[in-house]
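Below: one structure, written as structure tokens.
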Protein chains: 2
Amino acid sequence: MSNCEQCIVRQFNSLKSLTKEELIRISGCKTSKTIKKGQLIFDEGENVNGVYCIREGICKLTKLSANGRDQIVKLVVKGDLMGQRSLVSEEVTNLSATALSEMEVCFIPKHEIMADLHKNSNFTFDVLQHMAKDLREADNVIVNMAQKSVRQRLAEALIYIHRTFGTTDEGMLRVILSREDYANIVGTATESVIRILSQFKKDNLITTKGKQIRIEDLEALKHVS
Amino acid sequence: MSNCEQCIVRQFNSLKSLTKEELIRISGCKTSKTIKKGQLIFDEGENVNGVYCIREGICKLTKLSANGRDQIVKLVVKGDLMGQRSLVSEEVTNLSATALSEMEVCFIPKHEIMADLHKNSNFTFDVLQHMAKDLREADNVIVNMAQKSVRQRLAEALIYIHRTFGTTDEGMLRVILSREDYANIVGTATESVIRILSQFKKDNLITTKGKQIRIEDLEALKHVS
DNA sequence: TTTAAAATATGATATTTGTCATAGTTTAAG
DNA sequence: CTTAAACTATGACAAATATCATATTTTAAA
């Protein structure tokens, strides 16, 4: 069993604000899991009962809309925490989490970390800061969804994934999503995504190779969005 | 100068978690302001440098989108706090606040309340809980914006305003917004709002009298959204 | 490696929404 | 109370997007 104290991933999230003693305790009670691509980690309406710390891999947080379509609300990667919101609000989760790649995660049970959230004010404040940042980000998403065209939103989604998750050696976007996933980020029909990507290809903004996408002209793409 | 300790409004927000001593200090340093309808309270990109506690009235929080149109991100009313996010993130605000009615607000300077946010863990946790709730609400807005039609979003906006702010004696929505404001909530053109409201009138879902709107058939309206 | 299932691609068409023009109404300032 | 400015209303048309159908390609399981 690996050790939280020496875990590099911790540096990227609020757990860095825990004391040495707290970390040792957390380390002792956490469980590590391997999650396969496509696997559901938790489902909307479930009690999450703890916090996930992502050591490796990527997953999507989705919410089912009234019309029966999933909306991807956030992509969560290595270094991120998942489940803090439900922890704080003491409610069932409003989102589902599904692995987009093979993942390595650590699960910290609620009862072990809840006390720290009340007692260690550095930790509480750090969680608070992350949440303030998420909320600001959510404002931006709301404005984009409300005011921009599907074409603009798709361009932006590509830029976001490029900026946030980077590219492979061949220049392909590291995160590989299906056209349906893109549709669920942008909030449109799968066919529309396919159509607009085809248009982007014709305009030499991107190239594709199966599901892989390479951005050829980032500036032009920024200009679209 | 009125007294925070005895202020009823406090019960509705995180300030209720302050101690008696803290409240007395806050009471001494706060300033009360009257704000006229239509007046800008703070603008996107400004340093807010404190927290507003709304004693009376309603205002809108907006963000300018790339295409030059304002998006209403949130309506803030009596009992709410404004400015906590910027306080926590120590950044300039990402939103503008504009009064939609005559308002009474108290302003608490940053340096007076910041210490409490670090020291009083009940207060910190309360702010955290509010933010978790806002974030959950933001998720819902994102899904609605992304997946629902303008017609559905407008129906939902009406229901939201009805549920949250209630009606006058004559059954009119208490919050009176221009068609343009509705357009900026829903993320559409003003003409589209006017057109869809006309349609709702024809279908006997609502009636209007100038800018005032009365919901005649809430159930049918819910069915639309 | 083969093959069925899943995903991508594209056309045809319907629907929704945006834009521009213009007219009528309401609101608020003088 | 009057009047200009702001807002609401509606038509005509254009543009964007959704839906349904079908063909092709890719992926992954056997």
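So you know, we letter chains A, B, ... as the sequences are listed, proteins then strands, and number each from 1.
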Q: Using five base pairs at each end, measure the axis-to-axis angle across the helix from C:dT1-D:dA30 to C:dG30-D:dC1 and round it to 10 degrees.
A: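 Helix axis angle between the two ends: 60°.
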Report all side-chain donor-acceptor pairs from residues 155-165 of chain A shorter than 3.5 Å, counting only partners two or more places apart or in another chain.
from, atom 1, to, atom 2, distance (Å)
A:Glu156, OE1, A:Asn144, ND2, 2.4
A:Glu156, OE2, A:Lys148, NZ, 2.8
A:Thr164, OG1, A:Tyr160, O, 2.7

Roughly, in whole Å, what's the span from [atom1] in [X] to [atom2] in [N]?
X        : N      : atom1 : atom2 : result
B:Phe200 : D:dT8  : CZ    : P     : 16 Å
B:Arg153 : C:dG18 : CZ    : C1'   : 13 Å
A:Leu154 : C:dT8  : CG    : P     : 13 Å
B:Lys36  : C:dA28 : NZ    : P     : 15 Å
A:Gln199 : C:dG11 : CD    : P     : 11 Å
B:Leu197 : C:dT26 : CG    : P     : 16 Å
B:Lys202 : D:dA9  : NZ    : P     : 11 Å
A:Tyr182 : C:dA9  : OH    : P     : 12 Å

Q | Residues within residues 186-195 of chain B bordering DNA chain D, heavy-atom distance below 4.0 Å | A |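 Output list: B:Glu191, B:Ile194, B:Arg195.
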Q | Within residues 58-77 of chain B, residues whose heavy atoms come under 4.0 Å of DNA chain D | A |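 Contacts with DNA chain D under 4.0 Å: none.
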Q) Where each residue is assigned the nucleotide of DNA chain D containing its nearest heavy atom, which of A:Lys148 and B:Arg179 is assigned the position nearer the 5′ end? A)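 Result of the comparison: B:Arg179.
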Going by the ring-ring contact (aromatic ring centres under 6.0 Å, His included) test, which pairs reach into [range], not counting sequence neighbours?
range                       : value
residues 69-105 of chain A  : none
residues 199-222 of chain B : none
residues 30-66 of chain A   : A:Phe42-A:Tyr52, A:Tyr52-A:Phe107

Between the side chains of [Y] and [X], is the shortest nitrogen-to-carboxylate-oxygen separation below 4.0 Å, so that they form an ion pair?
X        : Y        : answer
B:Lys30  : B:Glu112 : no
A:Asp181 : A:Lys60  : yes
A:Lys78  : A:Glu56  : yes
A:Asp80  : A:Lys74  : no

(Q) Between B:Ser198 and D:dT8, is there a contact of a side-chain N or O with OP1 or OP2 at under 4.0 Å? (A)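 No, no such contact exists.
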(Q) Is there a side-chain contact between B:Arg151 and the phosphate of C:dT16, meaning an N or O under 4.0 Å from OP1 or OP2? (A)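 Looking at the OP1 and OP2 atoms of C:dT16, neither is under 4.0 Å from any side-chain N or O of B:Arg151.
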Using residues 217-225 of chain B as the side-chain source, report each donor-acceptor pair under 3.5 Å to any protein atom, sequence neighbours left out, with the distance given to one decimal.
from, atom 1, to, atom 2, distance (Å)
B:Asp217, OD1, B:Glu219, N, 3.4
B:Asp217, OD1, B:Ala220, N, 3.0
B:Ser225, OG, B:Lys222, O, 3.3

Q.
Heavy-atom count check: over 12 atoms from other residues, nucleotides or ligands less than 6.0 Å from B:Lys133 NZ?
A.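 Counting other residues, nucleotides and ligands, NZ of B:Lys133 stays at 12 neighbours or fewer.
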Q: Spell out protein contact along nucleotides 22-30 of chain D as letters: B when the base is contacted, S when just the sugar-phosphate is, - when no protein heavy atom is under 4.0 Å; keep the 5' to 3' order.
A: -----S---
Under 3.5 Å, side-chain donor or acceptor atoms of residues 182-191 of chain A against the rest of the protein: list the pairs with distances, not counting sequence neighbours.
none

Q. For B:Lys16, what residues pass the salt bridge (charged side-chain N to carboxylate O under 4.0 Å, His left out) criterion, not counting sequence neighbours?
A.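 Scan of B:Lys16 (salt bridge (charged side-chain N to carboxylate O under 4.0 Å, His left out), adjacent residues dropped) gives B:Asp126.
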Q. Rounded to the nearest 0.5 Å, how far apart are OG1 of A:Thr168 and CZ of A:Arg214?
A.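 So the gap between those two atoms works out to 8.0 Å.
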Q. What residues form a side chain to side chain contact (heavy atoms under 4.5 Å, CB included) with B:Val51, not counting sequence neighbours?
A.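 Scan of B:Val51 (side chain to side chain contact (heavy atoms under 4.5 Å, CB included), adjacent residues dropped) gives B:Leu81, B:Leu87, B:Ile113.
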